[in-house]
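Remarks on the structure that follows.
All chains are named by letter (A, B, ...) in the order of the sequence lines, taking the proteins before the strands, and each is independently numbered beginning at 1.
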Amino acid sequence: MDEFEEIKATFFQECDELLADLESGLLIMESGSRDAETVNAVFRAVHSVKGGAGAFGLEPLVRYAHVFETLMDEIRAGRINADTELVRVLLRAADVLADHVSAARTGGEADHEASAAMVAELEACTHGAGAPAAAQDAAPEAFKPTPAATDDMDFGFKPAAVSILEFDAPPAAQAASWTVTFTPTPALYAKANEPALLLRELARLGAVESELDDHQIPPLDALDPEGAYLTWTVRLTTDADEGAIRDVFEFVDGDCELAVERETPEAEASDGPDIAALLAAAKADPVEAPAPSAPAEDGLDIAALLAAARQAVEAAPPQAPEPARAPTAQAADPVAVKSTSAPARQPAAEPAHVQATIRVDPERIDRLIDLVGELVINQAMLAQRVAAHGFAPSSDISMGLDELEQLTRAIQDGVMAIRAQPVKSVFQRMPRLVREVASQTRKQARLIMEGEGTEVDKTVIERLTDPITHMLRNAIDHGLESPDDRIAAGKPAEGVVRLAALHRGGRIVIEVQDDGAGINRPRVRQIAIDKGLIAPEAQLSDEETDNLIFLPGFSTAGAVSDISGRGVGMDVVRRSVQGLGGRISISSRPGEGSTFTLSLPLTLAVLDGMVVDVAGQTLVVPLTAIVESLRPKPGEVRPLGPQGAVLAVRDTFVRLIDIGCALGFRETSIRPEEGVVLLIESEDGGRFALVADAIQGQRQVVIKSLEANYRQVDGIAAATILGDGRVALIVDVDALVAVRREPARPAEFVSIAAE
Amino acid sequence: MSEPQHNSTSERRELIAFCIGEQEFAVDIMSVREIRGWSPATPLPQTPAYMRGVINLRGAVLPIMDLAARLGLPVNELSARSVIIVVKVGERLIGLLVDAVSDILSITEDLIQPTPDVACDRVRSFVRGLISMDGRMISEIALERLLPEMETLAA
């Protein structure tokens with residue numbers, strides 16, 4: 001059942017988005033803002049997960065989400081006040097919900113104990129505030145998986161057949177009977193709502209007996225595939241009030257005709273509903289009729305597919321009406337329809353942060369990026385050739401080319417923006433990690449995130465998760481002290497971990513900073529000596545000592561804890577970062593905390609560069625690294641030592657580095673006064689000045705990897721292709737400094753220093 | 001790289017032969033992606049002298065190796081006949097700069113003779129074997145050994 005699996009995969013992708021919305025909503029609530037819109041968004045996220053899970057018969061997930069939803073509903077209705085304590089509970093509840101989702105995705109089972117404990121907690125919160133009957137009733141019901149309830153889930157949209165069992169049971173003492181008449185309008189289907197789900201929701205309130213009125217269905221040739229012809233009459237025996245019943249139809253309010261009437265008890269008598277119910281179920285969808293027994297063996301799939309197929313028929317555009325088409329062929333599409341229109345389900349105004357997304361195979365985007373790169377180069381070559389033929393700039397052909405250039409740039413910007421994504425997708429998983437690690441280590445930690453909107457290429461994003469996870473675990477496990485120690489040290493009991501992303505020097509920099517005790521240097525040094533990583537008499541600077549933790553075979557934790565020690569040391573993190581062309585470094589101040597800095601290239605992202613001439617070569621210097629460019633006046637350049645020189649910039653002196661010499665393109669530096677000087681700010685905040693022969697201009701360039709076909713080259717970050725079709729190299733300004741600063745240290749530290 | 005199977009001596013395979021100076025060499029045609037004229041390469045810093053630099057191959061950055069320099073032969077002036085043979089080594093594409101393409105050979109494995117001891121170490125390590133054909137001597141290049149630093153870096 002490939003189509004079914006596809007639909008299911010779509011559901012889980014949606015779940016990821018919903019869970020992210022849920023968490024961000026809760027975090028907004030935690031920060032003190034509890035406006036109705038946020039609470040509503042949280043409620044809807046839980047509700048949508050539950051709804052989707054119901055369609056796939058993921059019973060444990062549905063049951064758990066139901067309890068969660070019930071509590072959120074109470075909060076939404078203002079019957080329970082969501083104080084900080086409660087929001088924390090909700091955050092943990094969201095974690096458990098995520099566990100349920102991932103368990104359902106892998107076909108495994110969620111941690112029953114954790115789930116049950118959470119359920120108890122949520123129910124305590126719900127009932128603690130004197131919840132009304134509807135909620136009280138719904139929660140326990142959802143937790144007694146009576147055969148009826150189970151069938152209900154398995155058989156998708158056949159509530160009528162299911163209800164019989166429940167109906168046979170004696171109704172609850174104070175239960176009342178209601179007649180609910182429900183007539184969907186075409187608008188309801190157009191918004192991808194599913195009557196079966198609503199009816200099933202209704203069945204949760206009590207025993208139901210439903211009847212389908214299909215008299216409105218015209219002959220097949222007159223059937224409007226997008227029309228709505230069905231009316232359900234449901235007799236419901238429940239102790240819930242009218243409000244609870246109407247709540248079921250809340251999301252389709254205005255898209256259906258709904259009547260809820262209270263009945264007199266004697267009207268309940270029923271004459272053998274079996275046949276009527278089965279007929280109702282069969283008539284609910286003409287396609288289903290030939291295979292009434294199919295759901296029994298493969299009920300879940302077929303029921304879901306049929307439901308999807310029916311939606312497709314109802315939602316299909318008028319020019320393609322073919323009601324009798326095979327249901328499976330349509331299976332994939334309706335869900336797409338459903339997913340895009342899902343946010344429109346609520347008539348209320350949508351919060352601004354709802355993301356409408358499409359999913360595209362990344363390979364198609366890669367291909368597109370390559371092609372656009374070619375287009376840009378070709379366009380530039382064409383322009384050069386036209387100019388060479390002596391066309392005037394005001395001629396038709398030149399003006400046409402100008403327009404082509406602008407269009408090409410616009411396309412390039414657009415395509416690049418597709419692949420560049422904010423690091424938010426990685427960051428949003430981190431609050432949960434921090435909560436878990438903090439509770440496992442019995443520490444109190446607060447996570448502050450900055451720069452979530454920083455954009456980086458998708459391929460880089462995917463590989464950021466592991467290093468960040470590890471650095472955060474490390475910061476909490478090794479960095480932060482226990483609450484008691486912190487108070488003793490005069491700090492607040494709650495430690496602060498800061499996770500920040502920013503662009504610097506044409507790279508993305510991720511910082512993980514804690515306000516813990518800092519690196520215990522004597523201990524690090526002792527461990528390194530004990531493990532034979534350094535000689536006992538080695539003289540190391542503080543910085544070098546800190547960097548020892550990146551050496552293979554180093555682990556500071558006395559006992560390997562299951563937090564940081566997942567068999568992965570910082571050396572592995574460093575190696576994986578280096579594999580991406582990145583670097584990782586640490587700085588630490590005793591008593592004040594440590595900062596891990598991870599810098600990665602923005603591979604294949606666009607780069608704003610300064611194109612310069614150096615020793616007959618064309619090079620690109622990342623614009624982000626350049627503070628200013630200037631032509632030094634005589635007297636501003638001062639010789640220092642036999643070869644070196646410094647530049648006086650206002651009142652400070654900065655080191656001058658000739659790019660040509662640093663890269664080995666020439667032996668002796670040109671006179672800086674005759675060239676141009678680019679003032680650079682390096683990754684660690686230091687300043688220096690690069691000397692080039694001339695500046696060609698500023699340009700946006702496409703980054704091409706050198707590693708793909710060759711290897712990393714010192715001093716070069718990547719390559720690009722210029723308008724004339726030739727390859728130009730992009731300078732790695734930080735590496736240029738390292739190239740120049742010949743390390744005169746013991747051999748074993750060269751690798752650290754060369755970072 | 002897919003090495004041809006040596007157990008079947010009658011299996012024919014094709015080589016592309018080319019000249020460097022007075023000598024003839026060849027590479028397996030299955031490794032060759034394309035042959036193109038010389039275009040000026042952008043030099044790379046901190047690289048061995050036999051790396052001529054990189055060129056733009058339809059949007060990809062293609063490193064160019066001067067095969068004469070790599071084999072320790074005198075480096076000739078570039079001429080109109082100079083060509084770049086784009087070969088695939090492992091997962092990488094690399095361009096080999098040679099003087100001219102001369103022939104396409106169809107051989108069987110038993111025509112390949114081991115390299116005699118007289119050759120210098122460098123040539124011996126880069127040459128898989130010698131082929132005698134129509135009075136010519138053609139050396140087959142072992143592509144995977146041309147770039148030892150790639151092997152270690154790829155690991």
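In terms of heavy-atom proximity, B/P43 sits nearest to A/F665 at O-CZ, 3.8 Å. Shown here for A/R711 and B/R92, the closest heavy-atom pair between the two residues is N-NH1, 4.3 Å.
In this structure, CG in B/L62 is found 12.5 Å from OH in A/Y710, a value given to the nearest 0.5 Å. Rounding to the nearest 0.5 Å places CG of B/L93 at 5.0 Å from CG of A/N709. The distance from the CD1 atom of A/I716 to the OG1 atom of B/T47 is 9.5 Å, given to the nearest 0.5 Å. Residue A/L706 holds its CG atom at 6.0 Å from CG of B/L44, rounded to the nearest 0.5 Å.
Counting heavy atoms from C-beta on, the side chains of A/D714 and B/P45 never come closer than 4.5 Å. When side chains are defined from C-beta on, A/Q617 counts as touching B/T42, because their heavy atoms get closer than 4.5 Å.
Looking at B/I55, the atoms closer than 4.5 Å to chain A (heavy atoms on both sides) all sit in the backbone: N, CA, C or O.
Between the A/R726 side chain and the B/S39 main chain, no donor and acceptor come within less than 3.5 Å of each other.
Few gaps surround CZ on B/R36; more than 12 heavy atoms of other groups in view lie less than 6.0 Å from it.
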